[in-house]
Amino acid sequence: MADAVVKINNLVKRYGELIALDHFSLEIKEGEIFGLLGPNGSGKTTTINCLLSLLAFDKGEIEIFGRNMTPTAYDIKKEIGIIMQNVAVFEELTVYENVDYFCGLYITDKEQRKQYVEDAIKFVGLEDFRKFYPKKLSGGLLRRLNIACGIAHKPKLIILDEPTVAVDPQSRNKILEGIQELNKNGATVIYTSHYMEEVEQICTRIAIMDKGKKIAEGTKDELKRMIRNTETVNIEVLGLDDSIRNEISALEHVYDVQYDGEKLTVYCSGGKHNLIRILDVLQKHDTAFGRVYSELPTLNDVFLEITGTALRDKEE
Amino acid sequence: MQVFKAFMKVLKKKMSYAIIYIGIFLGIVIPMATTQSNSGSVKEMFSEECKSSIALCIFDEDDSPESRAFSDYLGEKYTLKSLENDEEVLMNALYYFTVDRIITINKGFSDKLAKGEINGIIDSQHMHETTKNMLLDQDINSYFSAVSAYVEGGADTLSASRSAQDALMTDADVNAVSFKDDANDKNPDHFFSYFRILPYILTASIIGTLCPILMIMNKKEVRFRTNCSSLRPSSYTKQVFLGSALFVVGVWIIFMIAAMIIYGGIFSGKAWLAVLNSFIYSMVAASIAVFLSTFITNVNIISFVNQIISLGMSFTCGVFVEQELLSKGILSAARFLPAYWYIKANMMLDGTEVYSGTQFAQYLAIEAAFAAVIAILTLVVSKARYNSTALPKVRKLTSA
């Protein structure tokens, strides 16, 4: 079993009356891409700030690489790379100079640093933009520069705090692929986001946070198994009789049916061929229907079922 | 030295601001120094050369011995010119400075003078209110006052006129008194004027350049990433301090070299005290710049605040207008500003005030105290901001 790179035990952080982290515990193992998923204000960034000793906390313990994390634990900090939501670069320095500056905060050997900077620039695909100033870069390229600045010193633990906010889909995919590649190269990754699709796509293990608490943890499959829903069937149908709805509700594995006058949504728990059995009922009553599609549960469903609120509703 | 290197790179980008200020300052000071060295002093203004350059045209309608005596007196002191007695010719002569004054000695001049009546005995025309005309008015009034005094003393008008002429032609030996007591002081007269203007340019160029650089270095996101790194905060502070010090000292050296070039050669005597005074003031300007950069986040606001501080302090502390000409109220308020004490120290050096080593040292100490107080304020403000922005706040962690 891999060693724990990060251990958070019983962390409590208060802002006056507000409890930002409520006895939050977590263990992240070497080689994982660990996702911290939760709506805005759920405590993700507070966790990261505490983890980096940038924020004092009221109670709890944090260990990184088996050592107690403190503001003066420079040997630990040396192994951590941080990529924040906001681009943190100097407008007055070129792409190369920016990466060199941030790499130089960790790597003092000039030759080694030169190599690392080149590697980082190559990794994010900014080779042709070395002498460009940040304001000449597009939003996507700027994000890539932001990543290069965070990973140039080849950290063992990389923390990415919502790195894809306000990024176009193409750049987002590039970033996600890059994160997976960094992980393949040996880095443990902590990835915070409120985009469940991203977390689902790249994270090997996920913790869902809400109101400063961890409400669920596991692989995406483990999380999905925690909830009753295994399949959601959606059928576009007009003028559906209550008797037909009741008949569908009575089907085995169906635990909830909702109808808004245009779309029938059937929630199933376990079982196979749920869609066929539902369509059989409609055909039996000669009910015409339009588009039919079936959805597997998402992390949003997990969040919905555990908290009673959809993750996306919380964003609004 | 990554932070220092980055500081210098940013400085290179922002240096244009300082260069513009230095350029403007030197552009103003160099011609000023040149023109001031050639003319303009009060001593020169009262010189015989200056007086003789006043041109007069006299029309004597009385043609009496007394009127001729008056004309002779003016002719002795000023340059007399003959002009055609035509209105247009005379106006042109006045307008184009061919003559400074046209005097008409009216008929009945001698009779009125004998009675002690001065009003209306001459008509005087001039077009420009110049210093020369002011001097001439004073001189004519002195002449008539002297004649009247002699007449009242029992002399006849002609002998009174001659006596007045003799008396007024005698020069008193007058020396301009200065508190400048260093006989060996070879510094040019306007050397200290250069140092008087220096606080404005030091304040403006240091705040205008250093503030934006520090703001860039302390930009929240960049600082956050730096704080996450393995670089010790003390090392970061040292490197930024080194960069700032290098810039401030660099700007100060430029102005010192400029002073040497403009006023010819190495400083001597009290000039070194002016150099020391300006160095301490540079530290004050630097501390103001660092202080402003801790809480102002907008470059445009910095520019605005810079103008208020540099110009405001210059106008109220005697940088642009000498302290002697400022009201007591303004000077009372200015005592709370560092430039006031800089100027006080400079006034001792240029001879406006009596030089006292102890007093001079006190002025420098007050300036240094300003720098220290502002530095302490900076620490307080930055600590408060640091705590309020969820950035490093070290607290011993306990698990209950």
Rounding to 0.5 Å, atoms CG (A:Asn49) and CZ (B:Phe224) come to a distance of 4.5 Å

OH on A:Tyr106 to OG on B:Ser230, rounded to 0.5 Å = 6.5 Å

More than 12 heavy atoms of other residues, nucleotides or ligands under 6.0 Å from [atom1] of [X]: is that the case?
X: A:Lys214; atom1: NZ; value: yes
X: B:Phe304; atom1: CZ; value: no
X: A:Arg14; atom1: CZ; value: no
X: A:Arg67; atom1: CZ; value: yes
X: A:Lys7; atom1: NZ; value: no

Spell out the residues in residues 143-164 of chain A that have some non-hydrogen atom less than 4.5 Å away from a non-hydrogen atom of chain B, in order of number; otherwise answer 'none'.
->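 Contacts with chain B: A:Asn146, A:Cys149, A:Gly150.
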
Residues 72-103 of chain A: residues contacting chain B (heavy atom under 4.5 Å, by number) = A:Tyr74, A:Lys77, A:Lys78, A:Ile82, A:Ile83, A:Met84, A:Asn86, A:Val87, A:Ala88, A:Val89, A:Phe90, A:Glu91, A:Glu92, A:Leu93, A:Glu97, A:Asp100, A:Tyr101, A:Phe102

Part of [X] lying under 4.5 Å from any heavy atom of chain A:
X: B:Lys12; value: neither
X: B:Thr226; value: both
X: B:Met217; value: both

How far apart are the closest heavy atoms of B:Asn227 and A:Leu54, and which atoms are they?
-> CB-CD2, 3.9 Å

Please flag which part of A:Leu105 lies under 4.5 Å from any non-hydrogen atom of chain B: side chain, backbone, both or neither.
->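 Contact with chain B is through both the backbone and side chain of A:Leu105.
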
